[in-house]
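Per chain, numbering begins at 1; letters A, B, ... match sequence-line order. None of these values were measured; they are calculated from a predicted model.
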There are 2 protein chains.
Amino acid sequence: METKPNIQAVARLANVSIATVSRVINGQGGVRKKTEDRILKAIDELGYIRNAAARTMKKKETKTVGVIVPDIKNPFFPIVMAGIEQKAREKGYFTILSSTNESQAMEENIVKNFIERGVDGVIITTANENSDHLKVLQVQGIPIVAVDRSIKQLEADTVLVDNEKGTYEAVSHLISEGHEKIAIICGPLETTPAYRRLKGYKRALNDHNIMADERYIIKGNFQESSGYKGTRDLFLLDERPTAIFSSNNLMSLGCIKAMQDLNWKLGNEVSFIGFDDIDIATLVNPKLTVVSRPMNLLGELAFQLLHERMSVKDDLPKREYILSPELKIRDSCRLI
Amino acid sequence: METKPNIQAVARLANVSIATVSRVINGQGGVRKKTEDRILKAIDELGYIRNAAARTMKKKETKTVGVIVPDIKNPFFPIVMAGIEQKAREKGYFTILSSTNESQAMEENIVKNFIERGVDGVIITTANENSDHLKVLQVQGIPIVAVDRSIKQLEADTVLVDNEKGTYEAVSHLISEGHEKIAIICGPLETTPAYRRLKGYKRALNDHNIMADERYIIKGNFQESSGYKGTRDLFLLDERPTAIFSSNNLMSLGCIKAMQDLNWKLGNEVSFIGFDDIDIATLVNPKLTVVSRPMNLLGELAFQLLHERMSVKDDLPKREYILSPELKIRDSCRLI
DNA sequence: TCCTAAAATGTAAACGTTTAGATTTTATTC
DNA sequence: GAATAAAATCTAAACGTTTACATTTTAGGA
């Protein structure tokens, strides 16, 4: 098996120096048309493909951004990712994606590996908002954009959704439909989204003079199983809530499954609103009212922020987008 | 801002040569404990992280595998991906993921970029099974594993599901429940999975002496919208089918939505089986009977095959796993 | 203490690019 | 046709590792 052709081989075949080949490869101009054609032909003939590692060594850039998500199986992230990828492609960047399974140790590994590989920037939904393990990026001068979860004590641009507002509106809607015994199934409260959603819930109750009831505040972990379990626990209460708010898509799934298994009649005996629009929302009967957010846009904006930071060398101020979620009213929270 | 520390800087600080530092970094042994400690301390002090590009240049390997999928928004792929990643991590490999949106042009770009970056292997669900655009990988000596869709005229290991069998069993089940007017909504027939599923459908009808009816064979494209449209078209037929088989998860979603909108009563007026188990399957009423396949395992096996090929230098024979799908009988195809 | 083998460490050359700066070629003007 | 400016091309030095091979140090025995 002959060895892979390098720029050297191309230069030899085209009878020019490697410098000229490099100029052609990078479209820098200043090369006679005839020479260029000769080089292009040689490239084609040899099947030459430039070696990114060597290039990176000289240029100290990879045109790559690393994306870190906590759970690739949560459909939220592939959609955000699609938004990131689309914008990245437009700007000539490639993306590399890794999932941490919400493990900080894993996240540290990935970050280290990304640095080794010389990513030009990082977009992250961190597994742990205390930023110590991300400082290393800052030290290396690699720009960071936080998506969906902010990062404490770190100068990172951020793209969030107004979680509190979304939940506030959802719970207010439930109240306006006559509910007073409203439960919430929370995510891990050390994450901002989970915490903010709980806060919105409490504020809504408060603003409408309803006492928060600790029994109705269930601690979940953003996984389907905890939605299921939470719903069952609520069902077993002496005084069941008449409405449930679920803090994310996966848990909503668990909630609905539990209701079916318990024969707890959705929209009839119990109302429901979930955070994030999901496939099943319009399929179950009654259709689910949800707090919906622009997931694709979230990704697009994240890349845009990162791109600015990667291109502009001057210090930009820290920027923060907070997108408004939208309450999509369907049929799962009728007056009971 | 001081420049990033390199192996040189570490060597200087630890008062050794770069060769010794390299040996420590790579855990090759043959270094006195005391020296090693000194080096480790220096590494820590400087925050040194090794430069993968330089390493790749020498070693000509990146410990990276590239994964190419046609549609990252289809939940099938993130799950396969999770399987790949898990096994890859175990073996010290990293994965980079890109999505083609079923575009061959995009796929070519990605492949080229992967080669530039020196991936050690590629796992792909190709957008076009005619392999011309993948030959370049073979030329470069980069091993390829095909997942879910095989690649024609290319020596690539393959991990498939027995699509024909899965569909055959599903349709046979429908027949055994008394159905004769059974429709199928196909995927793009130039892909093997779509084609095989159609084949299984036809064979099942044939084996049970039922004439295939062209009106009941709908051409879809694996997207939700085509499931929706196909179902509506079937509904508008003078002689409606009594059962529908949907060739993938996304189209199943569309089918169920259409049925609801048309008020075409699932399990009552029309039976249904879909390929691939999905979130909604156990949520709609009646619960969906589905053909289920081990998605995570698919990914695990794919990486395993790739890993063998990356490690073993000798020529291995072409290998092919064909996993059996399983018919999960629930309630959506009662006798009508 | 000296000798020797083994262990530890060092030297220097490559890997394939990019890019200043030097050199050659071409085009323009008189 | 010579002088000059501009354009095209070339030379050579980096970039940060790994590693074969050379050299030095250490330890153990006589």
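Closest to the Lys60(B) side chain, of the nucleotides dC15(C), dT17(D), dT11(D), is dC15(C). With dC10(D), dT9(C), dT18(C) as the choices, the nucleotide that has an atom nearest any side-chain atom of Val16(A) turns out to be dC10(D). With dG16(C), dA13(C), dA8(C) as the candidates, the nucleotide lying closest to the side chain of Lys58(B) is dA13(C). Considering only side-chain atoms of Thr35(A), the nucleotide from dT19(D), dT9(C), dT9(D) that sits closest is dT9(D).
Between the OG1 atom of Thr125(B) and the CD atom of Glu107(B) there is a distance of 9.0 Å, given to the nearest 0.5 Å.
In this structure, Gln28(B) places its CD atom 13 Å from C1' of dA8(C), rounding to the nearest Å. What separates CZ of Arg50(A) from P of dC15(D) is a distance of 20 Å, to the nearest Å. The distance from atom CD of Glu36(A) to atom C1' of dA8(D) is 13 Å, rounded to the nearest whole Å. Between the CZ atom of Arg117(B) and the P atom of dG16(C) there is a distance of 19 Å, given to the nearest Å. Whole-Å rounding puts the Arg23(A) CZ to dT19(C) C1' distance at 9 Å. Whole-Å rounding puts the Ile7(B) CD1 to dC15(C) P distance at 19 Å. Atom P of nucleotide dG16(C) and atom CG of Asn51(B) are separated by 16 Å, given to the nearest angstrom. Spacing between atom NZ of Lys59(A) and atom C1' of dT19(C) amounts to 10 Å, rounded to whole angstrom units.
Contact between the side-chain N/O atoms of Thr20(A) and the OP1/OP2 oxygens of dT9(D) is not found at any separation under 4.0 Å. When the side-chain nitrogen and oxygen atoms of Ser22(A) are compared with OP1 and OP2 of dT18(C), one or more of them lie within a distance under 4.0 Å. OP1 or OP2 of dT18(D) lies within a sub-4.0 Å distance of a side-chain N or O belonging to Asn26(B). Side-chain nitrogen and oxygen atoms of Asn6(B) include at least one within less than 4.0 Å of the OP1 or OP2 phosphate oxygen of dG16(D).
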Pair up each side-chain donor or acceptor in residues 7-21 of chain A with any protein partner under 3.5 Å, not counting sequence neighbours, and list the distances.
unit_1: Ser17(A); atom_1: OG; unit_2: Ala19(A); atom_2: N; d: 3.3

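A donor-acceptor pair shorter than 3.5 Å cannot be found between the side chains of Glu129(A) and Thr191(A). Of the N and O atoms on the side chains of Asn113(B) and Arg117(B), at least one donor lies less than 3.5 Å from an acceptor on the other residue.
Checking Met57(B) against Arg38(B), the closest nucleotide of DNA chain C that is more toward the 5' end is the one next to Arg38(B). Remark on DNA chain D: of its neighbouring residues Arg32(A) and Ile18(A), the 5'-side contact belongs to Arg32(A), judged by nearest-heavy-atom nucleotide. The residue among Ile25(B) and Gly29(A) whose nearest nucleotide of DNA chain D lies closer to the 5′ end is Gly29(A).
The pair Lys135(B)-Asp132(B) meets the salt-bridge criterion, since a charged nitrogen lies less than 4.0 angstrom from a carboxylate oxygen.
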